[in-house]
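Numbering of ligands and ligand atoms starts at 1, following listing order. Keep in mind that the numbers below use all heavy atoms, side chains included, and drop hydrogens, waters and symmetry copies. Residue indices begin at 1 and follow the sequence shown.
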Amino acid sequence: MARGERRRRAVQAEGARTVERTARGGPGRRDGRVDGPRGTAGGAAMAVVVLVLALGVSGRWMLAWHRARRAITLHSAPPALSPDSSSPAVAPDLFWGTYRPHVYFGMKTRSPKPLLTGLMWAQQGATPGTPKLRHTCEQGDGVGPYGWEFHDGLSFGRQHIQDGALRLTTEFVKRPGGQHGGDWSWRVTVEPQASATSAFPLVSLFFYVVTDGQEVLLPEVGAKGQLKFISGHTSELGDFRFTLLPPTSPGDIAPKYGSYNVFWSSNPGLPLLTELVKSRLNSWFQHRPPGTSPERYLGLPGSLKWEEKDPSGQGQGQGQFLIQQVTLKVPFSMEFVFESGSAHTGGNQALGQLAGSLLTQALESHIDNFRERFEKIFRLKEKGLSPGEQALGQVALSGLLGGIGYFYGQSLVLPDVGGEGSEQKVDPALFPPLPLFSGVPSRSFFPRGFLWDEGFHQLVVQRWDPHLTREVLGHWLGLLNADGWIGREQILGDEARARVPPEFLVQRAAHANPPTLLLPVDHMLEGGDPADLAFLHRAFPRLHAWFSWLHKSQAGPVPLSYRWRGRDPALPTLLNPKTLPSGLDDYPRASHPSATERHLDLRCWVALGARVLSQLAERLGESEAAAELGPLVASLGAQESLDELHWAPELGVFADFGNHTRAVQLKPRPPQGLVRVVGWPLPRLQYVDALGYVTLFPLLLRLLEPKSSRLGPLLDVLSDSRHLWSPFGLRSLAASSSFYSQRNSEHDPPYWRGAVWLNVNYLALGALHHYGHLEGPHQAQAAKLYRELRANVVGNVWRQYQATGFLWEQYSDRDGRGMGCRPFHGWTSLVLLVMAEDY
Ligand SMILES: *[C@@H]1O[C@H](CO)[C@@H](O)[C@H](O)[C@H]1NC(C)=O
């Protein structure tokens, strides 16, 4: 989605969260449940009805009402995935997972009412006052680098986390069996940082279990306050049991002394867990292993006592929160074991607990398999990449897979009731509650689904596990509304919502986003895997509806031109009103937004979409759709049409068209601050003189014939260091542009105005590889540029990873530095496919 907005938004979210908490009067209230937007839905519908009646049911209002209803009505095509596809009966292997990407370590079930587990930790006595309690991934909490060294998206993972003087390793392994998703085990190891000089610190780990409904948890506590086990039952999981094993020294089996605290209450609401724990820590406790002097620590209450967090007494059905604190000296290891009742009945009664050496063996064999499969698929070693680069590739893949989450909830949607500039006002309404199984761009900053990011994510995921990609695509297509629209940012459920300020929650049903999900679909078509084709057969009506909506709703002023709806209004404080739906946010467009605009990138996306949909229709024997799409593909593919609408002879490249002047500047005007000043020449209808990613789109999406006379000029722009070429990859906007590195307003730093982005560099490399292999006048040039660009991109991502331990959202075109948020295992993970030369 709109990333500039994202960034600003996330910063505001930090503040908003604090305010929200205070306003809600502490943890007793359930976020967004009690008085949440459910009321707004009814309210919105009611408001529309009242207005309709008041105005005498005029035709115009009836139409608006109808449109508003459709915006929040689900599409009627059969689902691409069966409704029970996430259930433990149908998909036991995917029922449990690390589907909470925004916590450092946690697991949950793929369920609207999940059972959740998680880890918090704190170093005791390091700083005076309250210890820093670690739980959710935060950009500014000083933790890091962190990330998955291995994660196969299915059955195991190993993550390393640096936290000051501590080094944590979190591992999990799943073991299939029974009818309820099987068993799993965790191992958490805490060691002093190699460089740490002080005495071994005292550390608390907090293991918790949360239920979200009527489920039963029955804790059994030992004499020292330690939970011997928690047994429980839910309708989806049947009977189960958690066991927290005694701590040991790493790699040892002799138990190590630990102090135990425990806390049990009703579930305060997932976004409030950290605060609740912080508020219950007190300093009455002493850690005193035999023969040592006691040491004070902050702990939860010492004994198990149920606390009702909801004073209204309606806590029943809200679920439970049970947390065990273990405090001890590093280094140590702890294991937390989940056993599913049905996996241990009948002939499996003797199945040993997945702990200790059995767990070590399971982890080792998973790691061996991972390495072997990784090389078989990506062939980095065979291609001569260094061991370090191979490790980077594994980390890129693992971080992406470990970022996959399962979300459930309702979006807020602003219906499109009558075109831009319409005076008719409607309130946002609630979309039906839906699940989303999806990757995320960044665990710390954007831990939720973003439409155009996801297409890039799945390009990587499908190479590793095509089944996962089908699951993810199926979920996204489940979000389709009656018109064929999918919201570009999915903020589903309390935890996701708590991270976004209210004014940014609303998705607009008139706004599109690049249809990148068609990129993995295209790859499926090429591969021809029968399971993929069967999936595409079920998904076709939805893909078709989605594409048709894009093609129709974003149609431009003249045939075969297209225009992104939803540019920012031309406020005096903005240098160039942004185009968030395009995904390229502040990339400069026509200086004066108008309905006469023609957007080159959108036209290219539609051309790609038409081609993929038409090939799909032919392959699947959808003759009606094929007949309808064929002529569109031909018209969009015709070089003359692209030339006529987008070739700018005065610029010598393809370009956007609109009401434009280059004579705009931000100037200080006290007291308003920076204000846009329009000089001479005045805006007029013309091609937009910005060289950058948009210029390259006909090349990026391989829409030009290899012998096209237009290829040469694009390759020249791409390879010229005054324009797009940098030693670190292609920059988003030419260094020669007057917008290069310019802020868009006083509060809005440059975003797509020079920085190097991996998603577009991946497309460019794919295109250069393509033209370098096809006969034509530019074959040799394309092949040479391909080799150099690949070396630049891989080299820089690798150097930045070595220096910081992170993959980054974007990279500086001046010094290669990682910028924006981190870790960013979304489309930056495409570096793996670049190393593998798989486009
Ligand atoms: C271009 O924008 C200017 C300033 O808003 C306006 O006065 C002019 O009429 C516009 N021209 C066209 C052709 O739309």
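Taking the charged nitrogens against the carboxylate oxygens, Arg563 and Asp656 have no contact shorter than 4.0 Å, which rules out a salt bridge.
Between Phe728 and Tyr811, the ring centre distance reaches or exceeds 6.0 Å. In summary, the aromatic rings of Trp808 and Trp757 are positioned with their centroids too far apart to meet the 6.0 Å limit.
Atom CD of Glu624 has 12 or fewer heavy atoms from other residues, nucleotides or ligands within 6.0 Å.
Here the protein heavy atom with the shortest distance to atom 4 (C) of ligand 1 is His592 CD2, 3.6 Å. The nearest heavy-atom contact from the protein to atom 13 (C) of ligand 1 is Leu685 CG, 3.7 Å. In terms of protein heavy atoms, atom 14 (O) of ligand 1 is closest to Asn659 ND2, 3.5 Å.
Protein heavy atoms are absent from the 4.0 Å sphere centred on atom 9 (O) of ligand 1.
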